[in-house]
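Report on the following structure.
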Amino acid sequence: MQILTITRPDDWHLHVRDGAALKAVVPFSARQMGRALIMPNLKPPVTTVAAAMAYRERILAALPANSHFQPLMTLYLTDQSTPALIREAKAAGIIACKLYPAGATTNSSSGVSDLWALLPVLETMAELGLPLLVHGEVTHSEIDIFDREAVFIDELLQPLLQRLPSLKLVFEHITTAEAARLVAEAGENIAATVTPQHLLYNRNALLVGGMQPHHYCLPVLKRESHRQALLQAVSGKQAHKFFLGTDSAPHAQTSKESACGCAGIFSAFAAIELYAEAFEEAGALDKLQAFAAENGPLFYGLTPNTDKITLVKSNRTIPPYFSYGHERLIPLRANGTIGWTMLE
Ligand code: NCD
Ligand code: ZN
């Protein structure tokens, strides 16, 4: 049987929610990951250092006994964020700040409405070396949803990088050949996270044979040529600029299977197995450890985890649902199998 032992991974883009939902999902990440960068799009969003520190305590309290999992905290930028807030965040150990264009995705209504009005904040981040995490999609209603990432690159990202060439920036959950190319060609201060769903599925998985709400996330799945470009990016010459960020984004079954279903795919229960499947398809299992456990720490100036995990190539059966407070949470590949299994 094929066995793969790698350094314990980290998840550089994770939604763990709050309250009963937090208690239901965070043990899955704690089992696989050493650390995770926690997304701040709660209701209300995590916009202050005090809110981030309190959220961190709630996450720690929801961990299984003896867990070594470390939540790393982010702040949610709004039109009201100030340079003083950025200095306070850096001093308090906040790892990065998140830019949601207003209206781009789940709980982003308090996001940034004018990137250029935020320039003093972004200049302070560049000065302090605090990374900006970008949900890279424009939100104008006239732009086709499948084009929103590529248009964001031309309209906002390129001008921003020209204006602030030293800003550390993570292009989050990239989905297109255009994004992969931009990151590969940019300086070492630019990196990207890639989700398991964008490596494993194209938009047919969303729309063929009936609408598949559990394959709906933002940015939305793209056509096959883009998926191929992402597989190439994570395994190619510039692979060190791409790292693991699941964007595992749980929503209750009732919120997903609805006339207006929420965006978000829950993958944290089997994140590393899903990535192993994708890297196997790319013929690049030898690159999985760097993607999952080395490139992220390198970008953030941290050291990789010291312990290891072991994956075996044997089918893991996925249950139909997990409990989620009083609701149910449908995982990616519910009732199906994944070709790899992480051992305890
Ligand atoms: C995320 C969520 O549900 O919080 N949803 C998603 O589809 N990815 C928000 C996000 O990261 O865009
Ligand atoms: Zn996300």
Side-chain angles (χ1 to χ4, degrees), residues 10-19 21-22 24-26 28-29 33 36-47 55 59 71-77 95-112 131-139 145-146 148-149 152 170-176 179 192-201 203 205-206 211-222 230 243-258 260-268 271 274 296 324-325 327 329-332:
D10 302 303
D11 187 344
W12 298 100
H13 183 129
L14 179 66
H15 301 267
V16 291
R17 315 303 189 203
D18 212 343
L22 166 64
V25 296
V26 80
F28 291 110
S29 294
M33 304 290 162
L37 198 52
I38 306 297
M39 290 299 121
N41 62 332
L42 300 182
K43 287 185 225 168
V46 179
T47 56
Y55 187 27
I59 296 168
L72 304 174
M73 306 312 289
T74 57
L75 278 194
Y76 182 116
L77 296 176
I95 295 283
C97 293
K98 175 90 195 201
L99 172 74
Y100 289 105
T105 186
T106 308
N107 301 345
S108 64
S109 54
S110 327
V112 172
L132 179 71
L133 313 180
V134 181
H135 183 112
E137 290 191 289
V138 293
T139 55
I145 191 161
F146 291 102
R148 288 180 173 204
E149 185 173 282
F152 182 88
V170 183
F171 198 164
E172 300 261 74
H173 41 53
I174 60 165
T175 64
T176 57
T193 52
V194 192
T195 76
Q197 63 265 26
H198 294 106
L199 290 171
L200 289 167
Y201 299 104
R203 64 197 193 180
L206 182 63
M211 203 182 60
Q212 311 287 326
H214 301 293
H215 290 161
Y216 175 56
C217 65
L218 288 169
V220 72
L221 294 172
K222 302 298 191 300
L230 298 182
F243 44 80
L244 188 159
T246 58
D247 196 14
S248 178
H251 291 277
Q253 179 177 17
T254 50
S255 308
K256 294 285 296 173
E257 298 173 11
S258 150
C260 182
C262 291
I265 292 177
F266 178 62
S267 62
L274 290 161
Y324 190 63
E327 304 233 38
L329 175 59
I330 310 295
L332 185 57

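Numbering of ligands and ligand atoms starts at 1, following listing order.
Two residues are said to be in side-chain contact when any heavy atoms from C-beta on lie closer than 4.5 Å; Leu14 and Asp247 fail this criterion. Ile38 has its side chain out of reach of Leu72: every pair of non-hydrogen atoms, C-beta onward, lies at least 4.5 Å apart.
Residues passing the salt bridge (Lys or Arg N to Asp or Glu O under 4.0 Å) test with Asp11, sequence neighbours excluded: none.
Nearest heavy atom pair, residue Leu332 against residue Tyr201, reads CD1-CE1, 3.8 Å.
Phe243 and Trp12 have perpendicular rings, their planes meeting at more than 60° on a 0 to 90° scale where under 30° would count as parallel.
No hydrogens or angles considered: a donor-acceptor pair under 3.5 Å links the side chains of Glu137 and His135.
If you look at His173 and His13, their ring centroids are closer than 6.0 Å.
Side-chain N or O atoms of Tyr76 include one that pairs as donor or acceptor with a backbone N or O of Gly111 at under 3.5 Å.
Distances shorter than 2.8 Å separate the Zn ion (ligand 2) from the protein N/O/S atoms His13 NE2, His15 NE2, Asp247 OD1.
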Would you be so kind as to tabulate the donor-acceptor pairs closer than 3.5 Å made by side chains of residues 260-267, with sequence neighbours excluded?
none

Between ligand 1 and the protein, which N/O pairs fall short of 3.5 Å?
unit_1: ligand 1; atom_1: 3 (O); unit_2: Arg17; atom_2: NH2; d: 2.8
unit_1: ligand 1; atom_1: 3 (O); unit_2: Thr106; atom_2: OG1; d: 3.2
unit_1: ligand 1; atom_1: 3 (O); unit_2: His251; atom_2: NE2; d: 2.8
unit_1: ligand 1; atom_1: 3 (O); unit_2: Ala263; atom_2: O; d: 3.1
unit_1: ligand 1; atom_1: 4 (O); unit_2: His15; atom_2: ND1; d: 3.3
unit_1: ligand 1; atom_1: 4 (O); unit_2: Arg17; atom_2: NH1; d: 2.9
unit_1: ligand 1; atom_1: 4 (O); unit_2: Arg17; atom_2: NH2; d: 3.4
unit_1: ligand 1; atom_1: 4 (O); unit_2: Asn41; atom_2: ND2; d: 2.8
unit_1: ligand 1; atom_1: 5 (N); unit_2: Ala263; atom_2: O; d: 3.2
unit_1: ligand 1; atom_1: 7 (O); unit_2: Leu218; atom_2: N; d: 2.8
unit_1: ligand 1; atom_1: 7 (O); unit_2: Ala263; atom_2: O; d: 3.4
unit_1: ligand 1; atom_1: 7 (O); unit_2: Gly264; atom_2: N; d: 3.1
unit_1: ligand 1; atom_1: 8 (N); unit_2: Leu218; atom_2: O; d: 3.0
unit_1: ligand 1; atom_1: 8 (N); unit_2: Asp247; atom_2: OD1; d: 3.4
unit_1: ligand 1; atom_1: 8 (N); unit_2: Asp247; atom_2: OD2; d: 2.7
unit_1: ligand 1; atom_1: 11 (O); unit_2: His15; atom_2: NE2; d: 3.1
unit_1: ligand 1; atom_1: 11 (O); unit_2: Asp247; atom_2: OD1; d: 3.2
unit_1: ligand 1; atom_1: 12 (O); unit_2: Thr105; atom_2: OG1; d: 2.7
unit_1: ligand 1; atom_1: 12 (O); unit_2: His135; atom_2: ND1; d: 3.4

